[in-house]
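Notes to accompany the following structure.
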Amino acid sequence: MNRPERPVLVVIAHGSRDPRHAATVHALVRRVRAQRPGLRVETAFLDFNIPSVQGVLKSLAAEGVRDVVALPLLLTRAFHAKSDIPAVLREAPSRLRVRQAEVLGPSPLLTAALERRLYEAGLTPADKSSTGVVLASAGSTDPEAIAVIAEIAREWRHTGWCAVRPAFASASLPRTEDAVRELRALGCERVAVAPYVLAPGFLPDRIARGAAGADVLADVLGPAPEVARVLLDRYDEARMPSLQAIGA
């Protein structure tokens, strides 16, 4: 008896005019493919880059694909996850069964990826108790997303850091530079900025400028292996039969 084909995973990134964004997304998708050989993974963008979400879904339908898991490449549930992406997916060809996976965060794997980036930037586990960390995210007007970032910071603090403060590049306060100054005032021996963003671009660049007064600036999460594992976890959760297909 033949097993049913696994749904195609369509990773939906926001897109950017900055070419580093798409390059990082493609590098992450390559890592996902390497971790799950045999799984078909396609990349699509909401804006600025190609292929578009609509284009990818139409191409899959034309090939005869019937089952798709659409995975938002987002760290929090804000406007894009709640509104933009569902609206685009509702326009998918009727022959496609499309299920929208959950966003990536929060996840202990993402926290592990943040620490990986900090260690790659020069810190060691022995530095944790004397280092204050700014958890710098893109920012959002969505209270749920802001609350999630604050909770991640609180939980991360309990793993041994001197202190952890959330900061935002847009829409919300404090800014990265304000959080850096706060950690200095607290007496942390050193201050590190950990960008809680997936790929380079306008807002990550703003985070980097705000980190000018810090001792350490980590890289974006990018194609960290932990991020790829979260993508696959969200895919596996979404393909469970108990989840309802969009438009069903």
With a 4.5 Å heavy-atom cut-off, do L104 and L110 have their side chains touching? yes
Inset, instruction - Treat each ILVMFWY residue as a node, draw an edge where side-chain heavy atoms are under 4.5 Å apart, and state whether L57 and V41 are in one component. - result: no
Of all heavy-atom pairs linking V10 and A44, the shortest is CG1-CB, 4.1 Å
Within a reach of under 6.0 Å around CZ of R206, are more than 12 heavy atoms found that belong to other residues, nucleotides or ligands?
-> yes
| field | Same apolar cluster: V197 and V25, side chain cutoff 4.5 Å | value | no
(message) Assess the residue pair D219 and R116 against the criterion (salt bridge (charged side-chain N to carboxylate O under 4.0 Å, His left out)); give the C-alpha distance rounded to whole Å, side-chain angles, the decisive distance to 0.1 Å, and a yes or no.
(response) CA-CA 10 Å; D219 200 357; R116 170 192 289 275; over 6 Å; no
**Asked** So do R36 and V32 actually touch side chain to side chain, heavy atoms under 4.5 Å?
**Response** no
One should read off an interatomic distance between I85 CD1 and L74 CG, to the nearest 0.5 angstrom, of 5.0 Å
Q. So do the side chains of D233 and L109 get within less than 4.5 Å of each other, counting heavy atoms only?
A. yes
The residue among R6, R99, R40 that forms salt bridge (Lys or Arg N to Asp or Glu O under 4.0 Å) with D67 is R99
Worksheet item: Under a 4.5 Å cut-off applied to non-hydrogen side-chain atoms, are L123 and R190 in contact?
Response: yes
- Counting N and O atoms only, with roles assigned by atom type, does the side chain of R30 sit under 3.5 Å from a partner on the main chain of A34, one being a donor and the other an acceptor? no
CZ (R184) and CG (D215) are apart, to the nearest 0.5 Å, by 4.0 Å
Show, in sequence, the C-alpha distance, side-chain angles and deciding distance for E63 and V8, and conclude whether the side-chain contact (heavy atoms from CB on, under 4.5 Å) test is met.
CA-CA 12 Å; E63 289 180 32; V8 173; over 6 Å; no
The single option from L135, V134, L183 that satisfies side-chain contact (heavy atoms from CB on, under 4.5 Å) with V164 is L135
Let's go through E151 and R154 carefully: what are the C-alpha distance in whole Å and the side-chain angles of both, what is the deciding distance for salt bridge (charged side-chain N to carboxylate O under 4.0 Å, His left out) to 0.1 Å, and is it a yes or a no?
CA-CA 5 Å; E151 180 61 24; R154 282 192 293 269; 2.7 Å; yes
Point to revise | I12 vs L89 side-chain heavy atoms within contact, under 4.5 Å | key: yes
Output for pair (N49 CG, H26 NE2), nearest 0.5 Å, gives 7.0 Å
Using the side-chain contact (heavy atoms from CB on, under 4.5 Å) rule, take V103 and L75 through it: C-alpha gap first, then chi angles, then the decisive distance, then the call. CA-CA 6 Å; V103 297; L75 295 171; over 6 Å; no
Does a side-chain heavy-atom distance below 4.5 Å link L221 with L114? yes
Is it possible for you to say whether L60 and V69 belong to one hydrophobic cluster, with membership spreading through side-chain heavy-atom contacts below 4.5 Å? no
Would you say T43's side chain and V11's backbone share a donor-acceptor pair under 3.5 angstrom?
no
*asked:* Donor-acceptor pair, distance only, cut-off 3.5 Å: does the side chain of R97 make one with the backbone of S94?
replied: no
Requested in this report: Following the transitive rule for hydrophobic clusters with a side-chain heavy-atom cut-off under 4.5 Å over Ile, Leu, Val, Met, Phe, Trp and Tyr, establish whether V133 and I207 coincide in one cluster.
Outcome: no
>> Do R17 and F202 make a side-chain contact, defined as non-hydrogen atoms from C-beta onward lying under 4.5 Å apart?
In response: no
I'd like to know whether D142 forms a side-chain contact (heavy atoms from CB on, under 4.5 Å) with T76, so could you lay out the CA-CA distance, the side-chain angles of the two residues, the decisive distance to 0.1 Å, and finally the verdict. CA-CA 10 Å; D142 189 306; T76 58; over 6 Å; no
Heavy atoms of R20 and G201 approach each other most closely as NH2-N, 3.8 Å
Separation between CG (D127) and OH (Y119), nearest 0.5 Å, reads 8.5 Å
Rounding to 0.5 Å, atoms CD (E226) and CZ (R31) come to a distance of 8.5 Å
Practice item. Answer yes if L73 and L232 sit in the same cluster of Ile, Leu, Val, Met, Phe, Trp and Tyr residues linked by side chain heavy atoms under 4.5 Å apart, and no otherwise. Key: yes
Between S137 and F168, the two heavy atoms sitting closest are OG-CD2, 3.1 Å
Item checked: N-O pairing of K128 and E115 below 4.0 Å -> yes
On a heavy-atom basis, the closest approach of V180 and A214 is CG1-N, 4.0 Å
Closest non-hydrogen atoms of A145 and A78, given as atom of the first, atom of the second and distance, are CB-CB, 4.1 Å
One should read off an interatomic distance between R181 CZ and R165 CZ, to the nearest 0.5 angstrom, of 14.5 Å
- Item | P225 vs Q35 side-chain heavy atoms within contact, under 4.5 Å | yes
Closest non-hydrogen atoms of P7 and Y235, given as atom of the first, atom of the second and distance, are O-OH, 2.6 Å
Charged N-O contact under 4.0 Å between R117 and E120: yes
Is the number of heavy atoms from other residues, nucleotides or ligands within 6.0 Å of CD1 (I50) greater than 12?
no
| request: Check the pair R234, S107 against side-chain contact (heavy atoms from CB on, under 4.5 Å), reporting the backbone distance first and the verdict last. | output: CA-CA 11 Å; R234 298 292 182 255; S107 167; 4.0 Å; yes
